[in-house]
Amino acid sequence: MQDDLAMRALADHREITDLIYRYCRSVDRLDIPLGHSIWHDGGTADYGELYEGPGPGVIDLICRQHEHTLHHSHQVTNILIALDGEQAGSEAYCTATLRLRDGQAIRQISVWSRYLDQWSRRDGRWGLDHRQAVIDFDEIREVTPMAEHQVGRRDRQDPSYRCLP
């Protein structure tokens with residue numbers, strides 16, 4: 001019995017962690033359906049001055065904004081999850097890095113934030129009920145790229161979709 005509970009907790013932690021990672025993949029690959037899939041119906045998002053409203057709407061907004069950048073990459077670390085039956089809370093640290101062209105200059109925006117999430121399991125599936133994104137600090141600076149990299153794409157033509165359909 002105890003082993004079953006421990007295995008269920010491990011599986012729940014893994015499922016929630018995968019959903020957090022899928023969020024990052026969705027905004028980096030501009031994969032709106034993938035981003036929408038992490039939310040439960042009625043889920044909400046609070047990104048401060050950027051956005052407050054239905055969860056899938058923040059995916060739409062971020063992907064529209066990212067269309068105007070040259071590159072973007074999100075990494076998530078320090079994921080802590082507290083399970084409570086069919087409910088869970090989590091905190092995940094995120095570093096988002098974006099590049100854009102400003103005339104002849106290339107500028108890099110870096111944002112260090114945390115996702116404070118409330119989850120629930122409905123019909124056997126974990127999903128996001130509410131996310132509060134807290135920006136801890138950010139910066140923008142001019143950078144000199146070392147090279148023009150052409151392999152990565154910000155759509156379903158990215159090579160990653162061959163191994164992760």
Side-chain angles (χ1 to χ4, degrees), residues 5-100 107-140 152-156 158 160-161 164-165:
L5 290 175
M7 293 302 289
R8 177 78 256 162
L10 285 172
D12 291 345
H13 273 258
R14 186 72 234 166
E15 188 174 344
I16 291 169
T17 300
D18 283 349
L19 290 167
I20 294 168
Y21 291 154
R22 286 181 193 169
Y23 166 83
C24 293
R25 179 181 169 81
S26 77
V27 295
D28 283 343
R29 302 282 71 81
L30 304 178
D31 188 334
I32 291 172
L34 179 62
H36 287 180
S37 75
I38 72 168
W39 299 90
H40 274 313
D41 288 340
T44 56
D46 179 356
Y47 279 61
E49 294 177 15
L50 176 68
Y51 179 87
E52 189 169 352
V58 77
I59 301 293
D60 299 337
L61 174 67
I62 290 171
C63 287
R64 271 196 315 274
Q65 290 177 334
H66 282 33
E67 286 176 355
H68 305 290
T69 63
L70 300 172
H71 309 282
H72 39 83
S73 181
H74 294 71
Q75 288 78 43
V76 175
T77 63
N78 299 11
I79 298 173
L80 296 174
I81 299 170
L83 296 170
D84 184 14
E86 303 294 298
Q87 308 289 314
S90 67
E91 177 184 54
Y93 284 66
C94 180
T95 302
T97 306
L98 303 92
R99 286 205 176 163
L100 52 95
R107 302 217 185 272
Q108 183 164 297
I109 300 169
S110 297
V111 179
W112 292 265
S113 62
R114 291 174 289 130
Y115 301 141
L116 308 177
D117 295 334
Q118 296 170 358
W119 304 89
S120 65
R121 182 177 23 226
R122 300 182 195 168
D123 299 320
R125 181 186 82 83
W126 284 100
L128 193 50
D129 292 318
H130 181 73
R131 168 169 286 169
Q132 180 182 6
V134 175
I135 296 176
D136 290 317
F137 54 101
D138 55 16
E139 68 179 16
I140 185 169
R153 300 276 309 256
R154 298 181 307 154
D155 58 26
R156 294 188 68 81
D158 186 78
S160 65
Y161 282 91
L164 294 169

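Just so it is clear, the model here is predicted, and its values are computed rather than measured.
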To the nearest 0.5 angstrom, please state how far the [atom1] atom of [X] sits from the [atom2] atom of [Y].
X      : Y      : atom1 : atom2 : result
His66  : Leu61  : NE2   : CG    : 9.5 Å
Ser90  : Leu128 : OG    : CG    : 7.5 Å
Thr44  : Arg131 : OG1   : CZ    : 11.0 Å
Ser110 : Ile140 : OG    : CD1   : 9.5 Å
Asp12  : Asp84  : CG    : CG    : 11.5 Å
Ile135 : Tyr47  : CD1   : OH    : 10.0 Å

Minimum-distance pair of heavy atoms, taken over all atoms of [X] and [Y]:
X      : Y      : result
Asp129 : Trp119 : OD2-C, 3.4 Å
Leu116 : Glu91  : CD2-CG, 3.6 Å
Leu19  : Trp126 : CD1-O, 3.4 Å
His40  : Ser120 : NE2-O, 2.8 Å
Trp39  : Ala45  : CH2-CB, 3.8 Å
Cys63  : Ser26  : SG-O, 4.0 Å

Exercise. Between Gln75 and Thr77, do the side chains contain an N or O donor and an N or O acceptor separated by less than 3.5 Å?
Worked result: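 Result is no, nothing qualifies.
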
Exercise. Going through the checks in order, is the side chain to side chain contact (heavy atoms under 4.5 Å, CB included) test met by Asp18 and Tyr21?
Worked result: CA-CA 5 Å; Asp18 283 349; Tyr21 291 154; 4.3 Å; yes

Close side-chain approach of [X] and [Y], heavy atoms under 4.5 Å:
X     : Y      : value
Gln65 : Leu50  : yes
Arg25 : Leu34  : yes
His68 : Leu100 : no

I'd like to know if the side chain of [X] reaches the main chain of [Y], judged simply by a donor and an acceptor atom lying under 3.5 Å from each other, with no hydrogens or angles considered.
X      : Y      : answer
Asp28  : His74  : yes
Arg122 : Asp41  : yes
His130 : Gln118 : no

For this session: State whether Asp136 and Arg114 are salt-bridged, where the test is any N-O pair (Lys NZ or Arg NE/NH1/NH2 against Asp/Glu carboxylate O) under 4.0 Å.
Result: yes

Exercise. Less than 4.0 Å between a side-chain N and a carboxylate O, is that true for Asp60 and Arg64?
Worked result: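 So Arg64 does not pair with Asp60 through a salt bridge.
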
Problem set entry | Stepwise side chain to side chain contact (heavy atoms under 4.5 Å, CB included) check, Arg121 with Leu83 | CA-CA 11 Å; Arg121 182 177 23 226; Leu83 296 170; over 6 Å; no

Problem set entry | Evaluation steps, side chain to side chain contact (heavy atoms under 4.5 Å, CB included), between Glu67 and Leu30 | CA-CA 8 Å; Glu67 286 176 355; Leu30 304 178; 4.1 Å; yes

